[in-house]
Amino acid sequence: MTALIGGLVLVLVAAGLVWGLWLRGDGGDDLGDRCQGSLAVDEAREFFGGVELTARGHDGDWAGYDSQWCSVWAKDHGNGPVLRLQIRPRAAYRANGAGDEAIATPIGYGWNGSFTTLHEPQAAVLLDCAGMPGKGLYVTAETTERTEKLSAGQILQVARLATETARRAAAAHSCEGKPGGRPTTVDRTRETVQRAAAQAAGTCAGVVDAPTAARLTVTTVSERPAGRALTEQCALRRGKLGLFHMTAYYGPSAEQEMYLDGRYPGTAKDISKRRVECGGSLGTAYFKLVRTNDRAPDGTSGPHGTSDPKELNRLLGAFSAASAARHGCPAV
């Protein structure tokens, strides 16, 4: 675990160094030239209310692949919020922003992508692009300002900055993937929703039928809105007692999770896993099931869900099939 934490810290430190270089990159007033011409200028201007802007960019290596970083801020407000973008091939899978967040909601509007407002608004979208390493284009957008200090319109603009920059970058790279629409709303749901197992309607929908729920004593689910987020999660409970939680990973999020499980196998011990070939930028989807450690009403602590491998495989199979179908992957 120490090695894992150390590895993650190195990744985050590297990310900070890259952003530091990016802030010292070439400036200029021609916003249309930023991020190799892919910056969604109109979306950035709308975020800042039409004031004059400054933008800077930096090209460099990220996880072995050429990537672009750029930032935008109000010219006369040096201490105000900054918009930050990264454009990179899907194969550069370290530190994926909103794409790594199980708490994120689907960005929607036909995109494979995620959006979160947990601390600061962050968005990530993924698009098929056969000419790029990993067969995909990956774009992340965020702001340095905390969510509660922003207007609803500004929060929406972070999502739009990601999608519309991805649209421009896809055209520049002759990507074959069809971009989604320009978002008109974002789902700002922060909390997981608790529902009776029979009423699952989000990321747990289709996972537990009545016979399975009765056999495994599952009464409730904890779920997030369902769609095409790049990481999503479903938890199964007996009342308030946690039994199992399952996570789905797609695109760069899946690559990162498989890398970490391979490098630190001790952290993946006693975890049920499954892979599904989705093709294109989604690549190999990765699914995991963990028996939840929790404290029962009688005071006993530990995993309380069944350890029967057949039952665990059935659960993970149902979860992966439902999730993969939402993402357009071949039938599991």
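At a threshold of 4.5 Å between non-hydrogen side-chain atoms, the residues Thr247 and Phe319 do not count as touching. Looking at Leu315 and Phe244, their side chains come closer than 4.5 Å, going by heavy atoms from C-beta outward. Inter-residue side-chain proximity for Thr143 and Val82 is flagged as unmet; no heavy-atom pair is nearer than 4.5 Å. Contact of the Met132 side chain with the Arg90 side chain is not registered, since no non-hydrogen atoms from C-beta on lie closer than 4.5 Å. Taking 4.5 Å as the limit, some side-chain heavy atom of Ser323 sits within range of a side-chain heavy atom of Phe287.
There is no side-chain donor-acceptor pair under 3.5 Å between Thr116 and Glu101. Under the 3.5 Å distance criterion, with hydrogens and angles disregarded, no donor-acceptor pair is assigned to the side chains of Tyr93 and Ser253. Side-chain contact check for Asp308 and Thr306: no donor-acceptor pair (N or O, by modelled atom type) lies under 3.5 Å. A side-chain donor from one of Thr300 and Asp298 sits under 3.5 Å from a side-chain acceptor of the other.
Proximity of a side-chain donor or acceptor of Arg160 to a complementary backbone N or O of Pro183 within less than 3.5 Å is detected. The closest donor-acceptor contact from the side chain of Asp261 to the backbone of Ala268 lies at 3.5 Å or more, if one exists at all. Side-chain atoms of Arg168 come within 3.5 Å of backbone atoms of Gly37 as a donor-acceptor pair (strictly under, hydrogens ignored). At distances below 3.5 Å, at least one donor-acceptor pair connects side-chain atoms of Arg291 with backbone N or O atoms of Gly305. Side chain of Ser114 to main chain of Ala229: no donor-acceptor pair is present (N/O by atom type, distance under 3.5 Å, no hydrogens or angles). With hydrogens and angles disregarded, no donor-acceptor distance shorter than 3.5 Å links the side chain of Arg237 to the backbone of Leu241. Checking side-chain atoms of Glu176 against main-chain N and O of Ala130 turns up a donor-acceptor pair under 3.5 Å. At least one donor-acceptor pair closer than 3.5 Å links the side chain of Asn96 to the backbone N or O of Pro252. Within the 3.5 Å criterion, the main-chain N or O of Gly113 finds no donor-acceptor partner in the side chain of Tyr250. In this structure, the side chain of Arg274 does not engage the main chain of Ala285 through any donor-acceptor pair within 3.5 Å.
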Exercise. Checking side-chain hydrogen bond (donor to acceptor under 3.5 Å, both in side chains) for the pair Gln86/Ser67: CA distance, chi angles, key distance, verdict?
Worked result: CA-CA 7 Å; Gln86 187 182 27; Ser67 304; 4.6 Å; no
Exercise. After noting the C-alpha distance and the side-chain angles of Val125 and Asn112, does the key distance pass the side-chain contact (heavy atoms from CB on, under 4.5 Å) rule?
Worked result: CA-CA 6 Å; Val125 292; Asn112 288 319; over 6 Å; no
Problem set entry | Verdict with supporting geometry, Gln233 and His245, side-chain contact (heavy atoms from CB on, under 4.5 Å) | CA-CA 7 Å; Gln233 198 166 77; His245 67 265; 4.1 Å; yes
Problem set entry | Verdict with supporting geometry, Lys288 and Glu257, side-chain contact (heavy atoms from CB on, under 4.5 Å) | CA-CA 10 Å; Lys288 298 170 69 172; Glu257 193 68 14; 2.8 Å; yes
For this session: Dump the intermediate steps for side-chain hydrogen bond (donor to acceptor under 3.5 Å, both in side chains) on Gln194 and Thr220, then the final yes or no.
Result: CA-CA 7 Å; Gln194 314 294 320; Thr220 57; 5.3 Å; no
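The shortest non-hydrogen separation linking Leu161 to Ala40 is CD1-O, 3.8 Å.
By the neighbour-count criterion of 12 heavy atoms within 6.0 Å, atom CG of Asp209 is densely surrounded, having more than that number from other residues, nucleotides or ligands. Under a cut-off of 6.0 angstrom, the local environment of CZ in Arg263 is sparse, with at most 12 non-hydrogen atoms contributed by other residues, nucleotides or ligands. Residue-environment remark: NZ (Lys240) stays at or below the threshold of 12 foreign heavy atoms within 6.0 Å. For Lys135, the NZ atom counts as loosely surrounded, since its 6.0 Å shell holds 12 or fewer non-hydrogen atoms of other residues, nucleotides or ligands.
Ion pairing between Glu46 and Arg182 holds under the 4.0 Å rule for side-chain N and carboxylate O.
Using a 4.5 Å cut-off between side-chain heavy atoms of Ile, Leu, Val, Met, Phe, Trp and Tyr, with links allowed through other members, Tyr286 and Leu316 fall into different hydrophobic clusters.
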